[in-house]
Amino acid sequence: MTNEATEVETEAGLEGILRLALRATGTDGLWTADADDTWCRVAPRSGTRREQGWKLHLSATTASAPAVLTKALEVLLRDGSAFKFARSLDQVSALNSRATPRGSSGKFLTVYPRSDADAARLAQELHRATAGLAGPRILSDQPYAAHSLVHYRYGAFVGRQRLSDDGLLVWYMADPDGNPVEDERTGRYSPPAWAVSPFPAAVPLPPRPADTAGGPVVIGGRFAVREAIRHTNKGGVYRGTDLRTGDPVVIKETRPHVEGDATGRDVRDWLRAEARTLGRLQGTGLAPEALALFEHGRHLFLAQSEVPGITLRTWVAEHFRDVGAECYRADALAQVGRLVDLVAAAHSHGCVLRDFTPGNVMVRPDGELRLIDLELAVTDDGAAPPTRVGTPGFSAPERMADAPVSVTADYYSLGATACFVLAGKVPNLLPEETATGTAAGATATEQRLAAWLAAGAGLLRLPDGVADMILGLMRDDPAERWTPDRARETLRTADRARPGSRPQVARTPGTREEVAGLTDAIAGVVDHLIESMTPEDDRRLWPVSTTAGETGPCTVQQGSAGVLAVLTRYYRLTEDPRLPEVISRAGHWTTHRSAIRATRPGLHFGGRGTAWALYDAGHAIGDRTLVDHALALALAPQESTLHHDITHGTAGSGTAALHLWHRTGDPRFAGLATDAADRLTAAVQREVSGAGWPVPADALSGEPGKRYLGFAHGTSGIGCFLLSAALVSHRAEHMALAVEIGEQLVADAVLVGGAAQWPAHATDTPTAPYWCHGAAGIGTFLARLWQITGDRRFGDLARLSTRSVMERASRAPLSQCHGLAGNGDFLLDMADITDDPLYRAQADELARLVLAEATHRNGHTLFPNEYGDLSTSWSDGSAGILAFLLRLRHTDSRHWMIRLPG
C-alpha cells in the first residue's frame, strides 16, 4: 500500500481526498470548503458565482466515488469554478438508491462553471479524466458522450425559491426578460428553449421503451412496448405484447449502477435473481412465467407473462369501498387464508420471498393470488440479492440489519400483510428513545403493536385469536414467530360470527387512566413544539416534512401560523407560564417574514390565515405589535387568483375576514367577507353535474373542468363559508347558494352499507372520508347547514358521514388533512350540534388510535405523518393532531372555523 493511500485512509472519507488534493497542489489558500450532512461545497476565495447557467454533473458508484473525485479534482483545482460533492459513501449510495427521485438521482458531483465556454471546456476535460470509471446515467441531464460520467443541464446555480400558483415553494431561474421560470428537476432532459447549448452534439443514445411517440418500440427482438406502468430510478415497468404469441407481457427494466454496492452488484443482479426464481416456480401457478432476459441500450430487461387483475393493495382499497365494512370483514378473513397458503406454497418450492407485501401480490379476476416482483426472493439454489433492502412496515427488523436469509422473515411479512388486509394499514411505529437517548427494546415494539390492535379492537371486530395471530407472526424474535401452519389453524378455528352480529359498544370517555394518558400526550407534544422551535433559522421556524412539497414559512398549512395558533389555544386553556415567551418569539418571527403588501389568497396557504393566527396570538399575550401587524396584513391587497376554495382561494380569505370581524367588530372585515361571497356567487357555474366552481383551464393545479366536492378544494368548503357569510351579509343569494350546494351534495352522495361517501370530484368513484376531499369535510358542512336550515336531509347525511369516518378509522393516517385528527374534529362538531354522546365516544375511539401510534423520544411525543416522516405542521403533523387532542380534553371550538349561533 502506498504512503498516499495510507494517508487517505486516515482522513475523513471523501473530504479527506479533497484535503489531500489541496495540499498536494498547494492550493489550500485559494479555496474555501464547508460541509453539511449531505454535501461538501468548495468555492474559490476570489470571484463570484453566476446565478444560473449550464452546470455539470458527474455520477459515481460507492465503489468508484473515491476514484471519480480524485480524477475530477485534478481538473477542478486548476480551474476557478465552484463545485460540490456528496460528503460520504453513504450519501453516494442514497443518491443511487432505487427510492431516489429520478430528477436528482446519481448527481455525485456538481460543477458551477464561470461561463458557458468554461462549461464546455470542463466537460471535455472531466470526461477524459473519468473515462472508464463506473457511474449511472443521470436522467435529468444530457450525457456529454455515450456512457460518459459527465452530464449537463441548464439550471439555477444558487438556491432561489418562489411560491407557485399552488402555494408551494419551487426552485426558479429567470428567462431572458427576467421573468421567473420554475427550474424543474424531472427524470427527463428538457432545457429551456432560450438556453443555447455550448456543448458539441451528443452521441445519440439507443431509444428507450418509454420513447414510443413514433409508435411501439420493439425490444428483445420480440416484445412491442405499449405503455409504461411506472418509472422509478431503478428503471421502468412496461406493458407490451409478445409478437411471437400475441400474448400480453410485462417487461421490467433495470439501469446500470442503481443500488450499486462495493462489489459492483446492482439492480441488474436483482433482475437476474428474479429470473432464476421465476424459473424455479415455473409451472406451479404461483408466479408469472419468465419469457426472456435480455439487454437493450446497456439496460437489462426481463419479460414475463402478464398476470391479469389488481394488486392486493388496490384490492383492499377498492373492495372495502365497494362492499362496505360489514361484507369486507368476511371477505378479508378469507383473503388472509389465501395469503397464508401462498407463502406456505412458495416455501414448499424452496423459495424465500423476502419482500412479501400487498404491492407484490396480484389478485386475479377469479380471486386467485399470484406473487409478483420477486427480485429479492431467494431459492435454495441461487445467490441472495442484498438483504438490507426491504419495504418499511412489512420487512422484518432483522432483514434491514443484514441477517442471514430465513423463512422466519417471511412470517413477519405475512403478519404485516394480514394486518394490512384486516385493518387497512400497518401502524407506523417509529423507533423510540429512552431518556438516555438509547433505542427502546424489542419488547416495546411488540407491546406498541399490541396496544394499537387493542385500541382498534372495537372498530376492527376481529374474530377470536386473529389479533394474536398477527402478533405471533410479527414477533421481533424470529425464533418465536408463528409458522403459516399455526396461522392456518387459527384461521380455521377462529370465531366466524356473522359480520355485524357482535354489538359495537361505544365506550364512554373520561376514565382516569385515559384522561391521564391524553393529558400526558398533550404535554409531550407541547414540549416537543417548544423545544423544536428554531427562531434563529431564517427559513423555517419549526421542522416540517417536505415530501408532499414545501409551503411558505408563515402559512397555516405548513408554516409558523399553524403551530402558533395551536400553542396560543393551549395557552388560553392552560395558562402554561412558558407559553407567552414562546408565542411572542414565534409571533415576531412570523411578522418579520410576512410583509404587508399584496398577499396570497386563501386560508391555509394565504396571508389572511397568517393574520388570523397573529391576531389571536397578540390578543392572548397582550402584544399590540402582533395585533397591529395582523390587522394590517388582513387588510392588505390580495393577489389575483383563479382559486375559489378554502385553502388557496376566495372562500378561505373570506373565512379569515369573518373571524376577524367577529373578534374586532371592524366593519371593514364584514365588507371583505361580503365581497368574497359576492365574487363566489358571480363565479359559480351550473352544469349537468351540478353547481360548482370547476378548475379553470389556466390553473396549474388540478385538472381543468373538474368540480371538486370536498372541504379543502371544493364546493363543501365554499358552501361552509357562504353559510357563515350569509349570517353577516344578510344577503339571500348567499344563503340560497349555500343551500344549493347542499342539495347537490345530497344528490352526489353514494351510500354503501349505510355509510355516506362522496367522490373527490363529480362523476368519479368515492374517495376516503377525510377533511380534504371526503365525508369528514363534506359532513362538516352538511351538519352546519342542517343546524341553520333545520333540513333533516342534511343532518341525516352528516350522521351517515360519521359511519364512513368510523369504518375507515383503523386505515387512516393521523393528520388533520387526511386522517384521524380532522375526522375526530368532525365527530366533535357532531357532538356539539346534536348533543348526542355517541359522537364524543367515537372521537375518543379515534384518539385512542392516534395515541397508540405516537412515538416518545426524550420526554417528547411525536407522530408520524402519512409518508412516515416526522413533522410539526398543521396539515400533516403534530400541531394539527394536538389541536384535536386539546379539543377532546377541554371541549373547545374547532380551529379555522366560524362558530355558528345556536
Side-chain angles (χ1 to χ4, degrees), residues 156 158-172 180 182 529-546 548-569 571 579-621 623-639 641 647-648 652-653 656-657 659-660 871-880 895-896:
V158 295
R160 294 186 293 176
Q161 288 183 294
R162 65 186 295 270
L163 289 170
S164 70
D165 288 347
D166 292 336
L168 298 177
L169 287 170
V170 297
W171 300 104
Y172 78 94
E182 183 176 354
L529 293 177
I530 291 174
E531 295 190 28
S532 64
M533 187 174 74
T534 55
E536 68 281 357
D537 188 336
D538 191 58
R539 290 179 53 83
R540 187 65 60 178
L541 186 56
W542 277 284
V544 298
S545 168
T546 58
E550 182 180 4
T551 72
C554 301
T555 62
V556 169
Q557 182 79 356
Q558 200 186 49
S560 59
V563 186
L564 176 62
V566 181
L567 290 179
T568 300
R569 179 72 59 89
Y571 173 62
L579 266 296
E581 180 182 356
V582 172
I583 291 170
S584 176
R585 296 183 74 184
H588 286 279
W589 188 97
T590 304
T591 61
H592 294 156
R593 289 157 184 81
S594 52
I596 301 171
R597 54 178 183 268
T599 62
R600 298 185 65 83
L603 174 56
H604 295 76
F605 290 81
R608 284 193 191 154
T610 304
W612 181 329
L614 286 172
Y615 180 88
D616 288 356
H619 190 269
I621 63 173
D623 189 326
R624 191 66 207 181
T625 300
L626 296 184
V627 170
D628 289 345
H629 185 88
L631 295 176
L633 185 64
L635 293 169
Q638 291 201 313
E639 299 172 5
T641 180
T647 55
H648 290 87
S653 297
H659 172 77
L660 291 169
S871 181
T872 60
S873 70
W874 168 266
S875 63
D876 72 344
S878 295
H895 276 79
W896 316 117

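The structure displayed is predicted, hence computed values, not measured ones.
Between the Arg593 side chain and the Asp538 main chain, a donor and an acceptor come within less than 3.5 Å of each other. Although no hydrogens or angles enter the test, the distance criterion places a donor-acceptor pair under 3.5 Å between the side chain of Thr872 and the main chain of Pro543. For Ser594 (side chain) and Gly607 (main-chain N/O), no donor-acceptor pair under 3.5 Å exists by modelled atom type.
Using a 4.5 Å heavy-atom cutoff, the side chains of Arg600 and Thr641 are not in contact. Looking at Leu163 and Leu168, their side chains never come closer than 4.5 Å, going by heavy atoms from C-beta outward. Between Leu169 and Thr551 the shortest side-chain heavy-atom distance does not fall below 4.5 Å. Within the 4.5 Å cutoff, side-chain heavy atoms of Leu579 are placed close to those of Ile530. When side chains are defined from C-beta on, Trp542 does not count as touching Ser873, because their heavy atoms never get closer than 4.5 Å.
Rounding to the nearest 0.5 Å places CD of Gln161 at 5.5 Å from CD of Glu550. The distance from atom NE2 of His648 to atom OG of Ser653, rounded to the nearest 0.5 Å, is 11.5 Å. Ile621 contributes atom CD1, which lies 4.5 Å from atom OG of Ser584 (distance to the nearest 0.5 angstrom). For the atom pair CZ of Arg624 and NE2 of His629, the computed distance is 13.5 Å after rounding to the nearest 0.5 Å. Here OG1 of Thr534 is found 10.0 Å from CZ of Arg585. Values are rounded to the nearest 0.5 Å. With rounding to the nearest 0.5 Å, the separation of OG1 in Thr546 from CD in Gln558 is 7.0 Å.
A side-chain contact (heavy atoms from CB on, under 4.5 Å) with Thr591 holds for exactly one of Leu626, Asp628, Ile596; it is Leu626.
Environment of CD in Glu581: sparse, with no more than 12 heavy atoms of neighbouring residues, nucleotides or ligands closer than 6.0 Å. Taking a 6.0 Å sphere around NE2 of His588, one finds it holds more than 12 heavy atoms contributed by other residues, nucleotides or ligands.
Evaluation of the side chain to side chain contact (heavy atoms under 4.5 Å, CB included) rule for Leu541 yields Met533, Pro535, Ser560, Ala586, Trp589 as partners, not counting sequence neighbours. With sequence neighbours excluded, the residues satisfying side chain to side chain contact (heavy atoms under 4.5 Å, CB included) with Thr599 are Leu633, Ala636, Gln638.
Using cut-offs of 30° and 60° for the angle between ring planes, the His659 and Trp612 rings count as parallel.
Nearest heavy-atom pair across Leu529 and Leu567 is CD1-CD2, 4.0 Å. Across all non-hydrogen atoms, the minimal contact from Trp171 to Gly159 is CZ3-CA, 3.3 Å. Heavy-atom minimum distance, Gly167 versus Phe605: O-CD2, 3.7 Å. Considering every non-hydrogen atom in both Ser871 and Val544, the closest pair reads OG-CA, 3.5 Å. Closest of all the heavy-atom pairs between Gly587 and Leu614 is O-CD2, 3.5 Å. The minimum heavy-atom distance between Ala561 and Ala613, with the atom names listed, is O-CB, 3.5 Å.
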Please report the C-alpha distance between Thr647 and Leu603 in whole Å, then the side-chain angles of each, then the deciding distance to 0.1 Å, and finally whether the side-chain contact (heavy atoms from CB on, under 4.5 Å) criterion is met.
CA-CA 5 Å; Thr647 55; Leu603 174 56; over 6 Å; no
